[in-house]
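Letters A, B, ... are given to chains in the order of the sequence lines, protein chains preceding strands, and every chain is numbered from 1. Everything numeric in this text was worked out from a predicted model, so none of it was measured.
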There are 2 protein chains.
Amino acid sequence: MPKARAWKDALYHEFARVGKALASPRRLELLDLLSQGPKSVESLAHELEATVANVSQHLRILAQAQLVQSQRSGTFVIYRLAHPHIVALLHQIQAVSEGLHAEIREWRQACLSDRDALPPVTTQELQQLIASGDVYLIDVRPAAEYAAGHLPGALSVPLPEVACHFQHWDDSRPIVAYCRGRYCLYAQDAVEILRQHGVKSRRTEVGVWEWPGGAPVE
Amino acid sequence: MPKARAWKDALYHEFARVGKALASPRRLELLDLLSQGPKSVESLAHELEATVANVSQHLRILAQAQLVQSQRSGTFVIYRLAHPHIVALLHQIQAVSEGLHAEIREWRQACLSDRDALPPVTTQELQQLIASGDVYLIDVRPAAEYAAGHLPGALSVPLPEVACHFQHWDDSRPIVAYCRGRYCLYAQDAVEILRQHGVKSRRTEVGVWEWPGGAPVE
DNA sequence: CAAGTATTCTCTTGATTACTTGAATAGGGA
DNA sequence: TCCCTATTCAAGTAATCAAGAGAATACTTG
């Protein structure tokens with residue numbers, strides 16, 4: 001039945017177009033950054049510490065696979081994910097990868113836990129804290145990412161400004177920092193900065209877009 | 001901060017190992033077949049209409065990414081998925097791909113619907129039918145895949161045997177055929193065979209492993 | 001132990017991909 | 001209109017990957 005073979009070949013060829021787009025570390029990191037909100041080529045290149053030309057080419061490949069869309073805004077070109085499902089796909093890959101390759105778990109432990117005095121805040125805990133309202137919930141990502149979506153009740157305190165803000169705060173309320181996700185070090189760094197100023201704080205277990213209630217509020 | 005870059009590079013490199021494994025149509029089809037149950041290299045090569053050597057190499061790549069595991073059984077080597085999460089990852093890729101590339105939907109419509117007199121059975125409908133017990137629910141996949149897991153109450157009627165079995169059945173009970181999934185033509189073929197014998201039947205909308213209740217019973 | 005077979009390994013060829021560098025394009029602001 | 005800047009294009013090189021053919025391996029069965 002050669003007809004059935006042709007149909008299957010075409011079908012899996014299409015699926016592999018998505019697979020090929022996910023086959024490069026650079027492109028996975030680009031998608032991860034774009035999951036935090038729309039960004040320009042230049043800012044993506046800066047975050048990746050890669051050349052603009054290189055990032056531009058990777059974005060072209062992602063656009064050909066229709067995983068991202070671009071849109072001109074002034075002199076910049078702004079890229080965004082083409083569909084919210086892609087965030088779920090990313091997390092699925094990361095989950096499978098972490099499930100299969102124990103070294104990732106170990107790295108994460110090594111990077112995140114040994115510097116961390118206090119254990120991270122679990123999702124349930126944070127939900128209770130938000131409901132009670134008695135918490136400084138700080139979003140330590142860049143302000144643009146906060147603007148693209150954040151947890152309910154969160155304050156935007158980008159990492160470089162953490163050291164300035166806390167001084168005017170009530171000492172008795174707990175401080176909880178969150179960032180891009182499981183593999184982002186920003187919240188970890190914020191907690192460390194605060195600790196060096198003698199202020200206790202904790203980070204969340206997961207990032208914004210892993211929040212169970214779905215998309216965060218604007 | 002070059003240390004953070006090194007950590008990120010290593011991390012996304014690991015994620016990309018999974019991505020690279022998913023970047024080939026052949027490997028995606030292999031994973032899809034393995035999601036139906038463990039199989040030998042030879043039977044996989046036969047289904048893919050590829051050489052054994054070629055399939056063996058693709059399996060090696062999948063094994064290096066730790067997506068599949070092998071185990072010797074007699075003179076055969078049996079491969080299986082390393083983790084049930086991988087099925088979810090596959091379906092996620094297919095969903096994103098189908099969401100982005102409209103042509104896949106069109107192909108599927110063209111292949112599946114025009115030959116089909118009766119509309120497919122929805123998941124809710126089938127659940128009601130199974131609960132009532134008043135249905136011939138036939139699993140038209142190869143017997144080995146039925147053995148590896150099937151829907152509750154299903155009969156194993158491999159495609160080549162469909163023409164023999166139906167004759168002893170009660171005409172008044174409805175017949176519903178299911179197969180590997182959304183992109184498998186077996187159930188479609190079974191319905192067509194039955195129609196040529198003057199018997200009405202329908203196929204399900206989804207396959208075994210897309211069943212909402214999770215893994216099927218043994 | 002020997003024969004037979006399923007599977008894997010090795011090597012080669014051709015094709016695809018990644019990254020860099022330098023030039024070109026295309027808007028926006030003066 | 002002209003310049004300025006963000007982005008893209010193009011060319012070249014190094015590296016990686018896909019697929020096939022044939023040899024080698026590993027295991028079972030007699």
Out of [options], whichever nucleotide has its closest atom nearest the side chain of [X]:
{"X": "A:Phe76", "options": "D:dC9, C:dT8, D:dA6", "result": "D:dA6"}
{"X": "A:Glu42", "options": "D:dT7, D:dA10, D:dG22", "result": "D:dT7"}
{"X": "A:Ser56", "options": "D:dT8, C:dT7, C:dA18", "result": "D:dT8"}

Whole angstrom value for the distance that separates [atom2] of [N] from [atom1] of [X]:
{"X": "B:Lys39", "N": "C:dA6", "atom1": "NZ", "atom2": "P", "result": "18 Å"}
{"X": "B:Gln57", "N": "D:dG20", "atom1": "CD", "atom2": "P", "result": "10 Å"}
{"X": "A:Tyr79", "N": "D:dA6", "atom1": "OH", "atom2": "C1'", "result": "11 Å"}
{"X": "B:Arg60", "N": "C:dC9", "atom1": "CZ", "atom2": "P", "result": "6 Å"}
{"X": "A:Asn54", "N": "D:dT8", "atom1": "CG", "atom2": "P", "result": "13 Å"}
{"X": "B:Lys20", "N": "D:dT16", "atom1": "NZ", "atom2": "P", "result": "9 Å"}
{"X": "A:Tyr12", "N": "D:dA18", "atom1": "OH", "atom2": "P", "result": "18 Å"}
{"X": "A:Leu44", "N": "D:dT8", "atom1": "CG", "atom2": "C1'", "result": "15 Å"}

**Asked** Are A:Arg5 and B:Glu29 ion-paired here, with the side-chain N under 4.0 Å from a carboxylate O?
**Response** yes
**Asked** Would you call A:Arg180-A:Glu47 a salt bridge at under 4.0 Å N-O?
**Response**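 Between A:Glu47 and A:Arg180 there is a salt bridge, with a charged N closer than 4.0 Å to a carboxylate O.
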**Item:** First encountered from the 5' end of DNA chain C, between A:Arg26 and A:Ser73
**Value:** A:Arg26
**Message:** Here's a test of your reading of the structure: between A:Ala50 and A:Arg72, which maps to the more 5' nucleotide of DNA chain C?
**Reply:**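 First, find each residue's nearest nucleotide; the 5'-ward one identifies A:Ala50.
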Does a side chain donor of either [X] or [Y] reach within less than 3.5 Å of an acceptor in the other side chain?
{"X": "A:Asp32", "Y": "A:Tyr183", "value": "no"}
{"X": "A:Gln94", "Y": "A:Arg182", "value": "no"}
{"X": "B:Arg203", "Y": "B:Gln188", "value": "yes"}

**Asked** How is A:Val41 classified with respect to the nucleic acid when contacts are heavy atoms under 4.0 Å: base, sugar-phosphate, or nothing?
**Response**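 Result for A:Val41 = sugar-phosphate.
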**Message:** Counting the atoms with a prime plus P, OP1 and OP2 as sugar-phosphate, which does A:Thr75 contact under 4.0 Å by heavy atoms, base, sugar-phosphate, or nothing?
**Reply:**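 A:Thr75: backbone/sugar contact only, no base atoms under 4.0 Å.
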**Asked** Which residue lies toward the 5' end of DNA chain D, B:Ala53 or B:Ile61, if each is placed at its nearest nucleotide?
**Response**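 Counting from the 5' end, the first nearest nucleotide belongs to B:Ile61.
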**Asked** Under 4.0 Å: is that the gap between some side-chain N or O of A:His58 and OP1 or OP2 of C:dT17?
**Response** no
